[in-house]
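Written out below as structure tokens is the structure these notes cover.
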Amino acid sequence: RLEPLPDGSILVAQYEICDDYNYYYDLYRADAKGRLKRLTKCGRYRFAASLADGRTAALRMQAGETQAVLLDQKGKVTDVLYRSAPGESLTGIAARGGAIVLTSLRDGRWSVIRVSGGATQVLLTDQAIKHSPRIGDRDEVFFIADYGKIFDVWSLSSSGQLARWTQAAQGVREISAPRGGEMLLITIEAE
């Protein structure tokens with residue numbers, strides 16, 4: 001997983017082996033020359049999103065629970081923003097300004113959740129699979145969902161309006177955050 005940072009470096013969530021036997025993801029900062037600076041050690045960070053002030057929002061596993069946490073520029077956890085409920089899986093994270101958006105699976109329902117100013121709000125919940133949330137230029141929340149059993153890009157406006165953005169023949173696998181009206185896609189294609 002890669003995430004561009006405001007200073008031009010890249011945040012990398014990379015596989016690691018911790019204490020010679022545990023399998024983890026740790027966070028690194030990669031500069032323009034490809035040099036890696038380790039930010040976490042044995043942290044179990046799956047997804048991360050950068051904030052404009054240099055902090056990072058990330059999903060980490062701890063004691064069987066997924067948490068959305070804030071890390072400072074040195075990789076130290078400064079706040080736990082969201083703790084998954086028993087049986088809940090967090091499947092993605094995005095950040096912009098002071099808002100964090102999560103995608104979640106709990107009891108057969110997939111949700112888009114906003115965490116902002118200490119408050120948690122479920123923006124959308126139903127049985128369609130949702131992942132890869134991103135926040136757009138106008139605070140729209142973009143994500144991939146399988147409405148109609150094909151994964152496409154969807155958005156949710158601040159007024160709660162759901163809109164479809166793609167009609168991929170085989171589906172969309174991954175998206176970038178939209179900037180200036182453009183978004184990068186990885187699509188699934190037939191062989």
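Residue numbers count from 1 along this sequence. Please read these numbers as outputs of a predicted model, since none were measured by experiment.
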Look at atom CZ of R173 and say whether more than 12 heavy atoms of other residues, nucleotides or ligands are closer to it than 6.0 Å. no
Out of curiosity, [X] [atom1] to [Y] [atom2], how far, rounded to the nearest 0.5 Å?
{"X": "I93", "Y": "F47", "atom1": "CD1", "atom2": "CZ", "result": "10.0 Å"}
{"X": "T125", "Y": "W110", "atom1": "OG1", "atom2": "CH2", "result": "11.0 Å"}
{"X": "L185", "Y": "S176", "atom1": "CG", "atom2": "OG", "result": "7.5 Å"}
{"X": "Q167", "Y": "R164", "atom1": "CD", "atom2": "CZ", "result": "4.5 Å"}
{"X": "L123", "Y": "S158", "atom1": "CG", "atom2": "OG", "result": "10.0 Å"}
{"X": "S155", "Y": "M183", "atom1": "OG", "atom2": "CE", "result": "8.0 Å"}

Taking all atoms of both residues into account, what is the closest heavy-atom pair of [X] and [Y], and its distance?
{"X": "L102", "Y": "A68", "result": "CD2-CB, 4.0 Å"}
{"X": "S84", "Y": "E65", "result": "OG-CG, 3.7 Å"}
{"X": "A95", "Y": "L51", "result": "CB-CD2, 3.4 Å"}
{"X": "T56", "Y": "A48", "result": "CG2-CB, 3.9 Å"}
{"X": "S9", "Y": "A30", "result": "CB-O, 3.2 Å"}

I'd like to check [X] versus [Y] (side-chain heavy atoms, cut-off strictly below 4.5 Å). Are they in contact?
{"X": "R114", "Y": "V141", "answer": "yes"}
{"X": "T78", "Y": "L71", "answer": "no"}
{"X": "R60", "Y": "V77", "answer": "yes"}
{"X": "Y82", "Y": "T120", "answer": "yes"}
{"X": "F142", "Y": "V153", "answer": "yes"}
{"X": "K37", "Y": "D31", "answer": "no"}
{"X": "I144", "Y": "W154", "answer": "no"}

Would you say [X]'s side chain and [Y]'s backbone share a donor-acceptor pair under 3.5 angstrom?
{"X": "R134", "Y": "I175", "value": "yes"}
{"X": "D146", "Y": "I129", "value": "yes"}
{"X": "D79", "Y": "L81", "value": "no"}

Salt bridge or not between [X] and [Y]? Use side-chain N to carboxylate O under 4.0 Å.
{"X": "R96", "Y": "E140", "value": "no"}
{"X": "R38", "Y": "D26", "value": "yes"}
{"X": "D72", "Y": "R55", "value": "no"}

When clusters are formed by joining ILVMFWY residues with side-chain heavy atoms under 4.5 Å apart, either directly or through shared neighbours, do [X] and [Y] land in the same one?
{"X": "L27", "Y": "V80", "answer": "yes"}
{"X": "V69", "Y": "L11", "answer": "yes"}
{"X": "L90", "Y": "I100", "answer": "yes"}
{"X": "I150", "Y": "W165", "answer": "no"}
{"X": "V101", "Y": "V115", "answer": "no"}

Would you sort out whether F151 and Q170 count as a side chain to side chain contact (heavy atoms under 4.5 Å, CB included), showing the intermediate values? CA-CA 8 Å; F151 287 99; Q170 312 298 324; over 6 Å; no
Establish, from distance only, whether the side-chain atoms of Y45 and Q14 form a donor-acceptor pair under 3.5 Å. no
Show the numbers, then the answer: is there a side-chain hydrogen bond (donor to acceptor under 3.5 Å, both in side chains) between T166 and D152? CA-CA 6 Å; T166 61; D152 275 305; 2.7 Å; yes
Under the side-chain hydrogen bond (donor to acceptor under 3.5 Å, both in side chains) rule, what do S111 and S104 come out as? Steps first, then yes or no, please. CA-CA 5 Å; S111 301; S104 162; 5.1 Å; no
Angle class for the Y25/Y15 ring planes (parallel below 30°, perpendicular above 60°, tilted otherwise)? tilted
What's the verdict on side chain to side chain contact (heavy atoms under 4.5 Å, CB included) for V112 and K130, showing C-alpha distance, side-chain angles and the deciding distance? CA-CA 8 Å; V112 177; K130 295 167 191 56; 3.7 Å; yes
Evaluate the side chain to side chain contact (heavy atoms under 4.5 Å, CB included) criterion for residues Q161 and L156: first the C-alpha distance (whole Å), next the side-chain angles of each, then the deciding distance (0.1 Å), finally the verdict. CA-CA 5 Å; Q161 182 73 25; L156 195 59; over 6 Å; no
Before you tell me yes or no, could you show the steps for Q127 and Y147 under side-chain hydrogen bond (donor to acceptor under 3.5 Å, both in side chains), namely the whole-Å CA-CA distance, both residues' side-chain angles and the distance that decides it to 0.1 Å? CA-CA 9 Å; Q127 293 183 338; Y147 294 108; over 6 Å; no
Go through the steps for S132 and E174 under the test side-chain hydrogen bond (donor to acceptor under 3.5 Å, both in side chains), then give the verdict. CA-CA 7 Å; S132 302; E174 191 61 68; 3.0 Å; yes
